[in-house]
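The next block holds one structure in the form of structure tokens; read it before the comments.
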Amino acid sequence: MANVAGSSLLSLQVFLRKAYGEGLYSRALDTLSGDEAEPMRGIVLPVNWYPAHGYILALKAAGALSGDDEFYDRYGAFAADFQINAFRKFVLRFASPVFFLDRAGRMWRRSHDTGHWAIEGGDRRMRGTLRDFAIVDADYCRVLVAWIHRASQLTGTRGHTTHPACRARGAEACVFEGRWE
């Protein structure tokens, strides 16, 4: 069974409260079966692991309940800000997006216990390939695109991030590309 770190679940809780008010997280969990929701109720600890399947179901339920067409994009950007602390944000001002995303790819296992990244890039572009990730979900890929884009912005650059290949659309791996000014 695949797991996500509590820091991911905690970022979802905080996002939902700040963006949509109290109660949406609980309402999203109420749409899940008892076994799926139970591990995510109560106090969520950032260092604990939680079932990835339940996390994705809660994320999708919250997205549906919010009625917000940009829910996944907004959450991904928020999660980048939430998960990258103030010191790292300062240091990022002196790093390139490729440097940072290469380090983030190496730190992936702190948030997910499946999947691995290969990051390539230079000259104001990057390509990240995510393989063997247990979560195959187009909406979660939208979260990742927004997370990568926001993290890149924290390096002081402007540009865009795309997702040209997705396992949810039949590709063998998820590919994310970025180009910056």
- [ ] Could you check Q83 against S8 for side chain to side chain contact (heavy atoms under 4.5 Å, CB included), going step by step and ending with a plain yes or no?
- [x] CA-CA 8 Å; Q83 294 168 349; S8 295; 3.9 Å; yes
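- F82 and V47 sit in two unconnected hydrophobic clusters of ILVMFWY residues. Membership requires side-chain heavy atoms under 4.5 Å apart, directly or through other members.
- The shortest heavy-atom contact between A61 and T31 is CB-OG1, 3.2 Å.
- For residues 153-166, the pairs satisfying salt bridge (charged side-chain N to carboxylate O under 4.0 Å, His left out) are R158-E181, with sequence neighbours left out.
- The two residues H149 and G159 make their nearest non-hydrogen contact at CE1-O, 2.9 Å.
- The side chain to side chain contact (heavy atoms under 4.5 Å, CB included) test applied to A168 returns V136, A138, C166, not counting sequence neighbours.
- Within the 4.5 Å cutoff, no side-chain heavy atoms of Y72 are placed close to those of L144.
- Listed here is the closest heavy atom pair of L32 and G54: CD2-O, 3.7 Å.
- Legend: side chain to side chain donor-acceptor pair (under 3.5 Å) pairs involving residues 53-66, not counting sequence neighbours, sorted by first then second residue: Y55-Y75, K60-D137, K60-D139.
- Taking all atoms of both residues into account, the shortest heavy-atom contact from H160 to T162 is CD2-CG2, 3.8 Å.
- Atom OG in S33 sits 8.0 Å away from atom CG in L57 (nearest 0.5 Å).
- Between the CG atom in L130 and the CD1 atom in I119 there is a gap of 9.0 Å [rounded to 0.5 Å].
- Contact record, A77 with R150: O-CG, 3.5 Å, taken as the closest heavy-atom pair.
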Just list the side-chain donor-acceptor pairs under 3.5 Å for residues 12-20, sequence neighbours left out, or say none.
from	atom 1	to	atom 2	distance (Å)
Y20	OH	D68	OD2	2.7
Y20	OH	R74	NH1	3.2

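- Evaluation of the ring-ring contact (aromatic ring centres under 6.0 Å, His included) rule for Y50 yields no partner, not counting sequence neighbours.
- Remark: A5 pairs with S7, W49 by the side chain to side chain contact (heavy atoms under 4.5 Å, CB included) rule, at least two apart or across chains.
- Annotation: salt bridge (charged side-chain N to carboxylate O under 4.0 Å, His left out) contacts involving residues 26-37, sequence neighbours excluded, comprise D30-R41.
- R142 pairs by the salt bridge (Lys or Arg N to Asp or Glu O under 4.0 Å) definition with D73, not counting sequence neighbours.
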- [ ] Kindly indicate, with the supporting measurements, whether the criterion side chain to side chain contact (heavy atoms under 4.5 Å, CB included) is fulfilled by F71 and L65.
- [x] CA-CA 10 Å; F71 174 84; L65 290 167; over 6 Å; no
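- If you take CD1 on I56 and CD1 on I135, they are separated by 4.0 Å, rounding to the nearest 0.5 Å.
- Taking the side chain as every heavy atom from C-beta outward, I148 and M126 approach each other to under 4.5 Å.
- In this structure, the side chain of D113 does not engage the main chain of A2 through any donor-acceptor pair within 3.5 Å.
- Remark: R179 pairs with no residue by the salt bridge (Lys or Arg N to Asp or Glu O under 4.0 Å) rule, at least two apart or across chains.
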Do any side-chain atoms of residues 170-177 form donor-acceptor pairs under 3.5 angstrom with protein atoms, and if so which ones, sequence neighbours left out?
from	atom 1	to	atom 2	distance (Å)
E172	OE2	R131	NH1	3.1
E177	OE2	R127	NH1	2.4

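- With sequence neighbours excluded, the residues that form a side chain to side chain contact (heavy atoms under 4.5 Å, CB included) with H112 are V4, W108, F133, Y140.
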